[in-house]
Q: 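Structure in structure tokens, see below.
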Amino acid sequence: MKIATFNVNSIKVRLPILLSWLEEAKPDVVCLQEIKCLAGDFPTLELKGLGYHTEVVGQRSYNGVALLSKAPALDVVAGLPGDDADAQARYVEATVEGVRIASLYLPNGNPVATEKFSYKLAWIKRLKARAETLLVQEIPFVLAGDYNVCPTDADVFDPAALRDDALCQPESRRGFRALINLGLVDAFRIFHPEPHRYSFWDYQQGRWYRDEGLRIDHLLLSPQAADRVIAADIDKSPRGKDKASDHTPVWCELAMR
DNA sequence: ATGGTAGCCTTGCTA
């Protein structure tokens with residue numbers, strides 16, 4: 001089963017690029033972030049045309065996540081548990097072919113020293129609590145999405161320039177490591193130890209052209225999922241197209257028997 | 001030198 005995560009930065013604008021990538025890459029499950037639309041405005045029919053079921057947690061203008069799957073998605077959880085007052089559309093989770101899969105959009109957190117950063121850290125704590133709940137079940141699961149965390153300086157084109165950014169703060173990295181220390185595995189790093197591989201390039205200052213990016217889109221695997229993973233990579237091709245997202249897809253493949 | 005780009009039911013906010 002091939003599982004991908006892709007921050008599309010507006011599903012409306014990115015639909016042509018997404019559809020052509022789906023036809024080419026043929027993922028079984030796709031976790032989308034920043035769809036930036038209400039569930040009712042999501043292009044369900046166009047995706048059904050390529051054989052995908054859709055589960056959408058939408059929001060006007062900002063955020064919004066979705067789960068696309070060739071097989072039906074069961075037992076859907078909409079929203080990250082742990083704070084009923086949190087209205088931001090950043091999490092959807094469901095079971096596909098026996099694998100529990102979440103599409104998550106972790107808060108950016110900039111600027112640091114504002115309530116945006118404390119919201120980010122609180123959100124990471126809730127995600128950790130959710131991971132602990134899932135771990136008890138001893139099932140294969142994948143937490144995939146835009147984490148807005150560069151785990152180490154090897155995931156940043158210029159660590160000094162990003163030193164004060166919320167994506168590289170020690171507290172952000174500590175939160176990410178807390179997930180790893182539960183026993184979750186960064187799928188990409190199993191197969192790619194090399195530094196300076198990125199999943200995001202800012203639109204500004206020629207970052208894509210100069211390959212000056214960040215690795216912030218991750219698939220974290222439960223031990224039972226990590227036992228099955230046979231490949232993982234970043235697919236840079238959608239980022240080079242006209243009207244590209246500032247992110248590109250990251251994927252992994254699980255052996256199903 | 002605090003710029004630059006992209007997307008949003010826009011005139012500022014978010015990333």
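Please read all numbers here as calculations on a predicted model, not as lab measurements. Just so we're on the same page: letters track the sequence lines, and every chain starts at 1.
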Q: Name all residues meeting the side chain to side chain donor-acceptor pair (under 3.5 Å) criterion together with Arg173(A); count only those two or more places apart in sequence or in a different chain, and write none if there are none.
A: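 Partners of Arg173(A) by the side chain to side chain donor-acceptor pair (under 3.5 Å) criterion, ordered by chain and then number, come out as Asp153(A).
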Q: Within the 4.0 Å heavy-atom criterion, would you say Arg14(A) contacts the bases, only the backbone, or no part of the nucleic acid?
A: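 Sugar-phosphate contact only.
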Q: Using the P atom in both, what is the distance from dC9(B) to dT14(B), to the nearest Å?
A: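 Pairwise P distance, dC9(B) against dT14(B), rounds to 15 Å.
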Q: What integer number of Å spans the C1' atoms of dC8(B) and dG3(B)?
A: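 Approximately 22 Å lies between the C1' atom of dC8(B) and that of dG3(B).
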Q: What does Tyr105(A) touch in the nucleic acid at a heavy-atom separation under 4.0 angstrom: a base, only the sugar-phosphate, or nothing?
A: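 Since only primed, P, OP1 and OP2 atoms lie under 4.0 Å of Tyr105(A), the category is sugar-phosphate.
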Q: For the C1' atoms, the ones on dT5(B) and on dT10(B), what distance do you get once it is rounded to whole angstrom?
A: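 Result for the C1' pair: 16 Å, nearest Å.
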Q: With rounding to the nearest 0.5 Å, note down the distance linking CH2 in Trp251(A) to CG in Asp217(A).
A: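 Those atoms lie 15.5 Å apart.
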Q: If you apply the rule salt bridge (Lys or Arg N to Asp or Glu O under 4.0 Å), what do you find for Glu23(A) with Lys26(A), and how did you get there?
A: CA-CA 6 Å; Glu23(A) 291 196 283; Lys26(A) 299 182 178 9; over 6 Å; no
Q: Would you measure the distance from the P atom in dT11(B) across to the matching atom in dA1(B) and give it in whole Å?
A: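 Rounded to whole Å, the distance is 32 Å.
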Q: Mapping Asp146(A) and Gln204(A) to their closest nucleotides on DNA chain B, which lands nearer the 5' end?
A: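 The residue whose closest nucleotide sits nearer the 5' end is Gln204(A).
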Q: Partners of Lys48(A) by salt bridge (Lys or Arg N to Asp or Glu O under 4.0 Å), sequence neighbours excluded?
A: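 None.
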Q: Hey, where on DNA chain B does chain A first and last touch, going 5' to 3'? Cut-off is any atom under 4.0 Å from a heavy atom.
A: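 Listing 5' to 3', DNA chain B meets chain A from dG4(B) to dA15(B).
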Q: Using a strict cut-off of less than 4.0 Å between a Lys/Arg side-chain nitrogen and an Asp/Glu carboxylate oxygen, indicate whether Asp211(A) and Arg239(A) qualify as a salt bridge.
A: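 A salt bridge is absent here (no side-chain N lies under 4.0 Å from a carboxylate O).
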Q: When the ring planes of His192(A) and Phe188(A) are compared, do they come out parallel, tilted or perpendicular, using 30° and 60° as the limits?
A: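 His192(A) and Phe188(A): parallel rings.
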Q: With nearest nucleotide decided by heavy atoms, which residue, Gly109(A) or Val13(A), maps closer to the 5′ end of DNA chain B?
A: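 It is Val13(A), whose closest nucleotide lies nearer the 5' terminus.
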